[in-house]
Amino acid sequence: MIAKTINEQELHAYADGRLEAARREAVEAWLHDHPEMRQAVAEWRIQNERLHHAFDPVMNEAVPVRLAAAAAGPVSLVPLRLAAAVVCLAVGGVVGYALRGETMPSPPATASLPRQAAIAHAVFSPEVRHPVEVGAAEEAHLVAWLSKRLGAELKPPHLSAQGFELVGGRLLPGEAGPVAQFMYQDARGQRLTLYVRRDTQDSRETAFRYARENGVGVFYWLDGRFGYALSGEMEKPDLLRIATAVYQQLNP
Amino acid sequence: MSQHEAIVAEIPRLRRYARALTGDAVRADDLVQDTLERALGKWSLWRPGKLGGWLFSIMHNIFVSQMRRPRPIDFPGDEVLPDLPMRAPQGDALELRDLANGLAQLPVEQREVLLLVGLENLSYEDTAKALGIPVGTVMSRLSRGRERLRALLAGGEAAESRLKMIK
């Protein structure tokens with residue numbers, strides 16, 4: 001019925017919890033009579049537990065932006081540009097800055113903005129333990145800190161009227177210097193991020209543009225020395241409504 | 001799920017494994033970055049299935065080829081886990097250091113198997129595939145690695161394996 005012979009492989013499989021019930025019982029019976037091996041098996045299990053205890057916390061660390069960028073790779077650039085160009089047509093009229101048939105790809109200065117913003121959104125919005133560096137409870141400090149690092153006064157818009165509360169913010173490395181990310185969350189736990197980049201050159205105000213990358217919708221625009229991008233995994237009209245509110249608060 | 005999302009979802013796990021494998025946070029992330037870049041370059045070769053296992057096999061190939069290159073210091077030894085605060089380790093931190101030191105002293109081929117099985121919960125078959133070795137080799141490396149780590153953590157010399165074929 002039950003084989004009397006237990007080989008070492010089965011002891012490891014037992015320690016790793018990978019045996020079927022019948023063999024598990026056989027191994028348990030065998031171990032009962034072999035206390036030295038019982039001890040060894042117990043120590044292997046403890047090793048596994050210690051490995052998890054020691055290294056599982058790495059899983060909760062914020063993913064470095066360079067890795068998220070590496071995962072995005074160069075391949076998704078083309079679809080993004082295409083999407084941006086196509087959707088620009090649809091959005092332009094709604095916002096009132098109709099681009100009227102402009103199908104040129106975005107200029108380089110703006111091209112990277114939605115992409116970087118979407119990556120930063122994808123990386124940090126699922127964070128449970130460390131979604132932000134400085135929480136909304138310390139808003140004054142958050143504002144002072146990010147303003148100092150970006151070298152210009154910066155205030156996160158309030159989106160309570162749209163159902164979103166500020167979670168906080170963080171500082172990220174951008175292509176040309178520091179970038180700020182503000183995070184918002186609604187009652188259902190849905191998150192939005194506002195990515196704010198400071199450009200070295202003053203640019204004319206641009207239209208709202210829309211891009212969608214891998215499920216993340218991004219409305220972005222340039223305004224003077226700032227580039228803004230609002231990212232969220234939501235329908236375009238909803239995101240536009242909030243982007244408009246953000247724009248209005250930034251330009252009272 | 002798109003390619004980007006699927007790969008991004010694997011990053012935390014790749015980082016965990018690389019951290020345990022290299023014992024060094026920066027070197028681990030370098031390894032993850034190399035892995036991601038190579039995976040994207042070879043994306044057409046991936047057949048839908050276990051993305052994690054495929055990425056681990058890419059990481060293994062990169063890691064092994066890096067290890068073959070001469071390095072002045074092959075493994076940072078006592079300087080593992082530099083991201084810990086610079087104060088005397090206590091409690092958890094001490095235990096973590098002991099474990100990291102123990103792992104560092106395992107031969108790479110044993111460390112890889114021990115981590116893929118014990119930390120990443122890969123099946124023995126998937127571990128064999130990721131490392132390009134037979135399952136029997138996985139089992140013998142697992143056995144030697146566990147026994148050696150046990151001895152290292154106990155502070156003793158690596159004991160002769162008690163584990164031949166047991167009747």
Side-chain angles (χ1 to χ4, degrees), chain A residues 4-13 15-18 30-31 34 36-37 39-64 66-76 79-80 115 118-119 122-123 126-127 213-216 233, chain B residues 1-20 25 28-29 32-37 39-41 43 81 83 92 95-96 98-100 102-103 114-115 117-119 121 123-124 135-136 139-140 142-143 146-147 149-150 153-154 161-167:
Chain A
K4 285 267 167 63
T5 306
I6 303 291
N7 66 33
E8 187 187 339
Q9 289 200 15
E10 279 187 307
L11 291 178
H12 285 282
D16 292 324
R18 294 171 191 193
W30 185 89
L31 285 174
H34 296 79
E36 193 196 354
M37 286 317 301
Q39 176 67 22
V41 168
E43 284 174 22
W44 300 340
R45 286 192 157 163
I46 291 169
Q47 283 181 13
N48 286 358
E49 284 164 18
R50 286 185 68 177
L51 288 173
H52 280 286
H53 184 69
F55 296 104
D56 282 356
V58 176
M59 306 260 293
N60 285 323
E61 291 175 10
V63 170
R66 66 169 168 134
L67 297 186
V75 282
S76 55
L80 174 69
R115 198 173 139 68
I119 290 169
V123 170
E127 274 291 325
E213 181 160 16
N214 302 313
V216 179
E233 284 144 281
Chain B
M1 195 187 266
S2 74
Q3 164 191 348
H4 170 69
E5 288 168 327
I7 289 193
V8 164
E10 295 292 336
I11 293 178
R13 223 177 140 202
L14 292 173
R15 292 186 76 225
R16 172 176 69 176
Y17 175 63
R19 185 82 59 92
D29 280 346
V32 174
Q33 185 168 352
D34 289 345
T35 303
L36 294 170
E37 283 165 1
L40 284 179
W43 184 254
L81 304 165
D83 56 332
D92 272 10
E95 190 190 306
L96 181 57
D98 286 349
L99 182 64
L103 287 172
L114 198 112
L115 292 174
V117 171
L119 181 62
N121 288 321
S123 70
Y124 303 138
V135 175
M139 297 316 293
S140 62
L142 183 63
S143 167
R146 280 179 164 162
E147 196 55 18
L149 184 62
R150 191 196 61 77
L153 293 177
S161 175
R162 295 170 286 186
L163 305 163
K164 302 296 172 194
M165 195 64 139
I166 302 152
K167 292 275 157 42

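The sequence lines fix the lettering, A, B, ..., with proteins before strands; numbering per chain opens at 1.
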Gap between atom CZ of A/R18 and atom OG of B/S123 - 0.5 Å precision: 6.5 Å
Contact class of B/L114 relative to chain A, heavy atoms under 4.5 angstrom: both
Taking every non-hydrogen atom, the tightest pair across B/L99 and A/A54: CD2-CB, 3.6 Å
Shortest non-hydrogen contact between A/H52 and B/G118, atoms and distance: NE2-O, 3.2 Å
Partner residues of B/D29 under the salt bridge (Lys or Arg N to Asp or Glu O under 4.0 Å) criterion, sequence neighbours left out: B/R15
Residue pair B/Q33 / A/A70: nearest heavy atoms and the distance that separates them: CG-CB, 4.0 Å
Pair B/R19 + A/E61: basic N to acidic O under 4.0 Å: yes
Rounded distance (nearest 0.5 Å) linking atom CG of B/L96 with atom CZ of A/R50: 9.0 Å
Proximal component of A/A118, with respect to chain B [non-hydrogen, under 4.5 Å]: neither
Exam field: side chain B/Y124 to backbone A/Q9, donor-acceptor pair closer than 3.5 Å: no
Pick from B/V135, B/L149, B/L115, B/V32 with the largest number of heavy-atom pairs that fall under 4.5 Å of chain A: B/L149
Chain B interface, residue from A/V58, A/D56, A/V216 that has the most non-hydrogen pairs under 4.5 Å: A/V58
Residue pair A/R66 / B/L36, side-chain heavy-atom distance below 4.5 Å: no
CG-CZ distance between B/L103 and A/F55, expressed to the nearest 0.5 angstrom: 5.5 Å
Nearest non-hydrogen partners of A/V63 and B/P12, listed with the distance: CG2-CG, 4.4 Å
Derivation of the side chain to side chain donor-acceptor pair (under 3.5 Å) call for A/Q47 and B/R150: CA-CA 8 Å; A/Q47 283 181 13; B/R150 191 196 61 77; over 6 Å; no
Check: B/I11 and A/V123 side chains under 4.5 Å, non-hydrogen atoms: no
With sequence neighbours excluded, residues passing salt bridge (Lys or Arg N to Asp or Glu O under 4.0 Å) with B/R146: A/D16
